Amino acid sequence: MIAFESAARHCNFSRAAEELNTSQSAISRHIAGLEAQLAAPLFDRDNRKLRLSEAGRQYYHAVVSSLEALSRAADSIAEVASGHLTIACTHEVSHLFLMPRFEALQRVMGQEIHIRVMTYEYDTPEALRDPRVDVILAYEATGASHGDRVIALEEAVAPVCAPHFAAAHRSVLDRAVSDWGDLTFLELTKPNRGWASWQDWFAQVGRPARAPQVYGFDNYVYLLEAAAAGRGLALGWRGMIERYTDAGSLIVLTSGFLAFDRPLYAFIPPRAKARPTARTCLAFLGQGDRGT
């Protein structure tokens with residue numbers, strides 16, 4: 001079947017032989033054996049050009065499907081047997097969401113399971129294509145069925161800043177948001193639909209009467225570090241900022257968090273649906289704010 005798949009894909013026995021590191025005569029023998037078993041020609045040979053016959057086209061689709069199923073099964077068995085769990089997410093989600101929960105997740109998975117975190121740059125399809133990935137954390141779970149996805153973190157944000165920044169600007173911060181035009185705002189600029197923006201927050205509470213100064217960052221960790229250094233106001237995502245607020249390097253300025261409708265999802269990609277470790281991890285991530 002492998003010889004036939006290569007020959008059918010290239011429509012050339014010589015190129016199939018090169019790809020499989022064998023001889024053209026060996027490819028020809030494999031094809032002849034299949035045609036004898038099927039009692040049907042798999043290729044039409046006309047003027048020394050090779051193309052699939054109608055039977056060959058039908059068989060090619062079946063072979064490709066079968067080989068893909070075998071590959072998926074092999075990936076799944078290898079991952080389960082190796083005792084690994086691979087989670088894919090952005091650097092920010094790894095640092096701010098996953099790492100504070102890592103020990104609790106390890107206890108649930110068991111010490112015999114080696115947990116690996118694979119980071120990517122805002123490109124979920126990259127993680128979807130990787131056969132090693134068991135669970136993906138992302139702001140979209142397109143294509144994942146209800147049973148294969150959970151909400152890992154609801155979106156709720158509030159303004160945060162360093163204590164010394166709040167003290168220096170207390171007279172302004174105690175007034176309405178419309179008077180905040182003299183303050184500096186820190187904004188995430190890298191495209192990422194999962195992070196609420198200041199414009200989203202202003203739309204709910206009101207806008208500064210005068211346009212404030214805004215500094216952009218392409219990484220949420222760097223943005224929070226700048227806020228902790230006293231460089232301005234940041235939007236803090238509940239469930240992401242606790243390592244800063246617990247340490248006292250950031251404080252929440254308002255009495256409550258504003259909720260939005262763009263949660264962080266955890267989901268299992270199609271290749272990993274049969275892996276028990278993926279199911280256990282998904283169940284853990286879907287139980288709310290654990291381990292913080």
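Here the structure is a predicted model, which means the values were calculated and not measured.
Shown here for A8 and L52, the closest heavy-atom pair between the two residues is CB-CD2, 3.7 Å. Nearest heavy atom pair, residue L233 against residue C161, reads CD2-CB, 3.7 Å. Across A196 and L235, no two heavy atoms sit closer than the pair O-CD1, 3.7 Å. Contact detail for P41 and S53: the closest heavy-atom pair is O-OG, 2.6 Å. In terms of heavy-atom proximity, F284 sits nearest to R101 at CZ-O, 4.0 Å. Of all the heavy atoms in I27 and A3, the pair that sits closest is CD1-CB, 3.9 Å.
Judged purely by atom type and a 3.5 angstrom limit, W180 uses its side chain to pair as donor or acceptor with the backbone of V172. Remark: the backbone N or O of S171 is not paired with any side-chain donor or acceptor of D174 at under 3.5 angstrom. Checked by atom type and distance alone, the side chain of T280 pairs as donor or acceptor with a backbone atom of P276 at under 3.5 Å. No donor-acceptor distance shorter than 3.5 angstrom exists from the side chain of S65 to the backbone of H61, with no hydrogens or angles considered. Using modelled atom types, one side-chain atom of T189 and one backbone atom of F217 make a donor-acceptor pair closer than 3.5 Å. For the pair E242 (side chain) and G239 (backbone), a donor-acceptor distance under 3.5 Å is present.
Looking only at atom types and distance, the side chain of H84 has no donor-acceptor partner in the side chain of R132 under 3.5 Å away. Judged purely by distance below 3.5 Å, without hydrogens or angles, the side chains of Y60 and Q58 never pair a donor atom with an acceptor atom.
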>> I'd like to know whether L67 forms a side-chain contact (heavy atoms from CB on, under 4.5 Å) with I2, so could you lay out the CA-CA distance, the side-chain angles of the two residues, the decisive distance to 0.1 Å, and finally the verdict.
In response: CA-CA 8 Å; L67 291 175; I2 293 174; 4.3 Å; yes
>> Run the side-chain contact (heavy atoms from CB on, under 4.5 Å) test on D218 and L188 for me, step by step, so that the C-alpha distance in whole Å, both residues' side-chain angles and the decisive distance to 0.1 Å come before the verdict.
In response: CA-CA 6 Å; D218 65 1; L188 188 67; 5.8 Å; no
> Checking salt bridge (charged side-chain N to carboxylate O under 4.0 Å, His left out) for the pair E19/R15: CA distance, chi angles, key distance, verdict?
Replying inline: CA-CA 6 Å; E19 181 176 84; R15 292 177 64 185; over 6 Å; no
> Which is it for M99 and R243 under the side-chain contact (heavy atoms from CB on, under 4.5 Å) test, yes or no, and what are the steps along the way?
Replying inline: CA-CA 10 Å; M99 287 302 102; R243 63 168 55 189; 4.0 Å; yes
> Given I241 and L224, is the side-chain contact (heavy atoms from CB on, under 4.5 Å) satisfied, shown in steps?
Replying inline: CA-CA 8 Å; I241 60 171; L224 292 181; 4.1 Å; yes
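Separation of atoms CD1 (I268) and CZ (R279) is listed at 3.5 Å; rounding is to 0.5 Å. We find the CG-SG distance between L50 and C11 to be 5.5 Å, quoted to the nearest 0.5 Å. The CD1 atom of I113 sits 5.5 Å away from the CE atom of M109 when rounded to the nearest 0.5 Å. Put simply, OH on Y265 and CG on L285 are 14.5 Å apart, with the number rounded to the nearest 0.5 Å. The line from CZ of R238 to OG1 of T245 is 12.0 Å long, rounded to the nearest 0.5 Å. For the atom pair N12 CG and K49 NZ, the distance stands at 13.0 Å (nearest 0.5 Å).
With contacts defined as side-chain heavy-atom distances shorter than 4.5 Å, the pair V117/L98 qualifies. Residues N219 and H91 are in side-chain contact: their nearest non-hydrogen atoms beyond the backbone lie under 4.5 Å apart. Contact annotation: the side chain of L253 approaches that of L173 to within less than 4.5 Å [non-hydrogen atoms, C-beta and beyond]. Side chains of P159 and T254 form a contact here, defined as non-hydrogen atoms less than 4.5 Å apart. For the pair M240 and V93, the minimum side-chain heavy-atom distance is below 4.5 Å. The shortest distance between side-chain heavy atoms of Y244 and V160 does not fall below 4.5 Å. Counting only heavy atoms from C-beta outward, the side chains of L42 and L38 approach each other to under 4.5 Å. Counting only heavy atoms from C-beta outward, the side chains of L153 and P263 never approach each other to under 4.5 Å.
Heavy-atom neighbours of Q204 CD from other residues, nucleotides or ligands within 6.0 Å: above the threshold of 12. Taking a 6.0 Å sphere around NE2 of H164, one finds it holds more than 12 heavy atoms contributed by other residues, nucleotides or ligands. The environment of CZ in F102 is crowded: more than 12 heavy-atom neighbours from other residues, nucleotides or ligands sit within 6.0 Å.
Annotation: ring pair (Phe, Tyr, Trp, His ring centres under 6.0 Å) contacts of F185 (sequence neighbours excluded): W198, F202.
Checking each of E92, E154, E155 against W237 for a side chain to side chain contact (heavy atoms under 4.5 Å, CB included) leaves exactly one that passes, namely E155. Of the options T119, V133, L105, D134, a side chain to side chain contact (heavy atoms under 4.5 Å, CB included) to I87 is made by L105 and by none of the others.
Between F13 and F43, the angle of the ring planes goes over 60°, which puts this pair in the perpendicular group of the 30/60° scheme.
Remark: R262 is not positioned above the aromatic ring of Y139, lacking an NZ or CZ atom under 6.0 angstrom from the ring centre and at most 45 degrees off the axis.
A centroid separation of less than 6.0 Å is found between the aromatic rings of F4 and Y59.
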